[in-house]
**Q** 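Before anything else, here's the structure in question.
By convention here, the first residue in the shown sequence is residue 1.
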Amino acid sequence: RFGLTIKPQIPILCCIAHFFNCKNHENLFRALHKLIYKYKLPVQLMLAGDGEEERIHYLKLMAKHLRIQKNVYFLGFVTNIQEFLFGFINLI
């Protein structure tokens with residue numbers, strides 16, 4: 001549905017949350033960077049949620065700055081969360 005090129009052999013993390021500052025996506029991005037570059041553990045992050053364009057743009061720039069943009073997918077608002085998560089479980 002999202003037209004993603006997901007690699008089933010690489011672990012997938014999912015975060016379903018509005019892009020408010022209090023959700024602290026920045027720490028999630030730093031942790032992802034650490035997993036990928038310090039611990040050499042490739043991980044894919046699926047972000048489902050909506051928010052202000054300015055906030056989303058900021059997070060996309062942060063992902064690019066941390067060199068994790070190829071591992072982070074901004075999927076937008078998801079109406080059926082169970083179906084969303086079930087789709088990723090079936091990849092395993």
Side-chain angles (χ1 to χ4, degrees):
R1 172 175 175 244
F2 296 102
L4 302 175
T5 307
I6 297 172
K7 301 169 187 101
Q9 68 276 16
I10 297 176
I12 299 170
L13 302 174
C14 295
C15 179
I16 303 167
H18 193 87
F19 292 105
F20 288 129
N21 288 342
C22 63
K23 300 293 182 170
N24 209 351
H25 290 88
E26 291 88 347
N27 273 345
L28 180 59
F29 284 16
R30 285 190 214 50
L32 188 71
H33 178 268
K34 195 171 197 177
L35 285 172
I36 293 169
Y37 291 102
K38 182 176 181 180
Y39 296 108
K40 307 297 184 209
L41 298 170
V43 179
Q44 300 170 99
L45 175 61
M46 308 299 153
L47 296 170
D50 203 359
E52 295 180 9
E53 286 298 319
E54 184 178 309
R55 175 78 175 148
I56 294 169
H57 179 71
Y58 164 75
L59 291 172
K60 286 180 178 181
L61 284 176
M62 182 179 186
K64 186 175 181 178
H65 174 74
L66 292 172
R67 301 180 333 263
I68 60 171
Q69 73 273 14
K70 292 181 181 178
N71 300 72
V72 178
Y73 300 89
F74 290 83
L75 306 178
F77 183 76
V78 174
T79 55
N80 190 337
I81 295 169
Q82 293 85 0
E83 184 179 316
F84 169 75
L85 293 174
F86 186 74
F88 292 117
I89 290 170
N90 284 333
L91 291 173
I92 299 172

**Q** Distance check, rounded to the nearest 0.5 Å: Ile56 atom CD1 versus Leu61 atom CG?
**A** 12.5 Å
**Q** Measure the CG-CG distance between Leu32 and Leu66 for me, rounded to the nearest 0.5 Å.
**A** 8.5 Å
**Q** Taking C-beta and beyond as the side chain, do Leu28 and Leu47 meet within less than 4.5 Å on heavy atoms?
**A** yes
**Q** Tell me, yes or no, whether the heavy-atom count around Glu52 atom CD, taken from other residues, nucleotides or ligands under 6.0 Å, exceeds 12.
**A** no
**Q** Flag yes if Ile68 and Val43 sit in one hydrophobic cluster, no otherwise; membership is Ile, Leu, Val, Met, Phe, Trp, Tyr, and two members link when side-chain heavy atoms are under 4.5 Å apart.
**A** yes
**Q** Angle between ring planes, Phe29 versus Phe74, binned at 30° and 60°: parallel, tilted or perpendicular?
**A** perpendicular
**Q** Report yes if some heavy atom in the side chain of Ile16 is under 4.5 Å from a heavy atom in the side chain of Val78; otherwise report no.
**A** no
**Q** Taking all non-hydrogen atoms of both residues, which atom of Tyr73 and which atom of Gln44 are closest, and how far apart?
**A** OH-OE1, 3.9 Å
**Q** Kindly compute the distance separating CG (Asn71) from NE2 (His33), expressed to the nearest 0.5 Å.
**A** 10.5 Å
**Q** Could you check His25, Arg30, Lys23 and say which one makes a side chain to side chain contact (heavy atoms under 4.5 Å, CB included) with Asn27?
**A** Arg30
**Q** On a heavy-atom basis, which atom in Pro42 and which in Pro11 lie closest, and how many Å separate them?
**A** O-CD, 3.3 Å
**Q** Is it the case that one hydrophobic cluster holds both Met62 and Ile36, taking links as side-chain heavy atoms less than 4.5 Å apart, direct or via other members?
**A** yes
**Q** Decide yes or no for Tyr39 and Lys34: does some side-chain heavy atom of the first lie under 4.5 Å from some side-chain heavy atom of the second?
**A** yes
**Q** So for atom CD, which belongs to Glu54, do other residues, nucleotides or ligands contribute more than 12 heavy atoms lying within a distance under 6.0 Å?
**A** no
**Q** If you count the non-hydrogen atoms of other residues, nucleotides and ligands that lie under 6.0 Å from NE2 in His18, is the total more than 12?
**A** yes
**Q** Determine whether more than 12 heavy atoms belonging to other residues, nucleotides or ligands lie under 6.0 Å from atom CZ of Phe20.
**A** no
**Q** How far does CG of Leu45 sit from CG of Leu35, to the nearest 0.5 angstrom?
**A** 10.5 Å
